[in-house]
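Below you'll find the structure, written out as structure tokens, and then a few comments.
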Amino acid sequence: MIRMNKVLTNESKDMLTVALPKGRILQSARGLFKAAGVDFSVILQNDRRLIAEDRDAGLRFMVIRSQDVPTYVEYGAADIGIAGRDVLLENERDLYEPLDLGIGACRMVVAEPAELSEKDNPANWTRIRVATKYPNITLKHFLAKGIEVEIIKLYGSIELAPLLGLCERIVDLVETGETLKKNGLVEVEDIMNVSSKLICNRASLKTRPDRIRGIIERLSAAMEAEKKA
Amino acid sequence: MTTPEIITLPHGVRDILPEEVVKIERVAAAISALFTEYGYQKIITPLLEYEETLSLGMGGNLMEKVLKFIDPFTGRVLAIRPDITPQVARLAATRMKSHALPLKLCYNDNAIRYVGHGRTKLRQIPQIGAEFISEKADARCDADMIIMAIEALMAVGLKDFKIDIGDVSFLKNILSDLDINTSLLQDIKDAVGLKDSSGLRATLDDAGTGISEEDKQRLVEIPGLFGTTEVLTRARSIIKSKAALDVITNLEEVVSIIREKGLADFVTIDLGEARGFDYYTGVIFEGFASGFGKPLLSGGRYDHLLEKYGSTPRAATGFAFETENIVAALELIAPE
């Protein structure tokens, strides 16, 4: 039987639960959300705390791993959340994605060692081995080009894989390109731009449309104001 | 002693034990009683059909989710029904074609289909549904279906829920007025489906001058056209397409019939919603309970489905409750 966590969902229906990703995105989103009337400073004051409430504003915040945010929101354990486009495309969950927040901007790319790149031509690839944290996006990208790809799923330090001979190429996020450079890698293909999005549970949007729309509109206005400033 | 591997069930199906069956039966009895009161007759359709027959009524998006296998005796491909509505349409178009209209049929059965992305998860889905087949479509038929859905949810004991109404032809009509290629069309539909106004804006900015700035402004408003029934008034001030305005007029009528019944508070509108089966042609609706993440019911108008099975043109609308979701939503408000 499908059971939900009664402790958190039943106590107050006016509470809106916001799932926030642990890490640097949270700091960049803080000002924008504050300007939109969603102030989650309370949960940043103590980094041991995973859940905090702002009863006056009717908001509950939870801080979880960024990859888990879409899961919590899809199942309705959180009403809205902040999630990266990379995570959303990798897991393809049934959600609304009303706003691109424009924070945490980076790119997903294919990279390989600089010396390999000198004589390599991506147009000639037919079968390659790639290490990545994003097996689904990687598979889709190469299948669309007719390239057979062997994917090695790793959980971190992807740029080490080519150095140690695990594979020739990687698919990973780059912000400035500094990490790639330090590890002797160069970018050979651009897959997509990534930034953080506001995501929303379907049932939450349907049952509390005015509240959710209010947040979307205020965030949107705050982004406009920021752009002008 | 450990259980031998062989005595297990495939992923996605399960046994239901007496304690839960009691709850399911209670829900089913309340809904069935209401359907009977409204003059719906129960039918039972088969678990299996020829894939060719089933696929007549199902768009590509549903056929990909079907569990299929080959009949070892005839060599033909058999399919387990992923949805019951096309079976009802087949029955109404063939065996029951000379029955008096309107034809009101209901069922309480299981569908089996692959769910989620990647189509790797099989799931058995118990559904209780009703289908209304008539000569002509009008707002009254759509409203009556929605009223019956609301009354059924109240009858099972839910109070805090919404029926969200949309129309698949709203966006279709607006887009058909524009001169754009199919890939751009799909990008626009995808963005609207996700309520992704930023993505929609970016797609339209890339589209160049094929679409006027005025039309772009209108399109980016669509993902925000959800909420209480005032949305229809707001939409009327934004939309210029004649056919889309007709859709709004029809929805206004649907809402006003529901309002006469005193049930308008249960209704929300979402003009950006166009999800659901390929066979939908008009008004669609879904039910949601506060604090429960999954839909309780879904349905809509499917005016051309019977024709696919050889019928003369018929109007039809219907919906199905996801029985397990209703039981779970009840647990949430009144845990035992």
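All values below were derived from every heavy atom in this structure, side-chain atoms included, with hydrogens, water molecules and symmetry-related copies excluded. Every chain is numbered from 1 and lettered A, B, ... according to where its sequence line falls, protein lines coming before strand lines.
- Sorted by first and then second residue, the pairs that involve residues 17-39 of chain A and meet ring-ring contact (aromatic ring centres under 6.0 Å, His included), not counting sequence neighbours, are A/F33-A/F40.
- Taking CZ of B/F288 as the start and CG of A/N201 as the end, the distance is 8.5 Å to the nearest 0.5 Å.
- A distance of 3.5 Å separates NZ of A/K206 from CG of B/D164, quoted to the nearest 0.5 Å.
- Residue-level contacts of residues 190-202 of chain B with chain A, in order of numbering, are B/G193, B/L194, B/K195, B/D196, B/S197, B/S198; threshold 4.5 Å between heavy atoms.
- A distance-only check finds a donor-acceptor pair linking the side chain of A/R213 to the backbone of B/G224 [under 3.5 Å].
- No more than 12 heavy atoms of other residues, nucleotides or ligands shown are found within 6.0 angstrom of CG on B/D265.
- Using a 4.0 Å cut-off between charged nitrogen and carboxylate oxygen, A/R202 and B/E273 count as a salt-bridge pair.
- The number of heavy-atom neighbours closer than 6.0 Å to CZ of A/R65, taken from other residues, nucleotides and ligands shown, is 12 or below.
- The two residues A/P209 and B/G227 make their nearest non-hydrogen contact at CB-CA, 3.4 Å.
- Counting non-hydrogen atoms of other residues, nucleotides and ligands closer than 6.0 Å to NZ of A/K140 gives a total of 12 or fewer.
- Rounding to the nearest 0.5 Å gives a distance of 11.5 Å between OH of A/Y75 and CZ of B/F292.
- The neighbour count for A/Y72 OH, taken as heavy atoms of other residues, nucleotides or ligands under 6.0 Å away, does not exceed 12.
- Residue A/L95 touches chain B through its backbone alone, counting heavy-atom pairs closer than 4.5 Å.
- Proximity of B/D160 to A/T207: side-chain heavy atoms (C-beta onward) are nowhere separated by under 4.5 Å.
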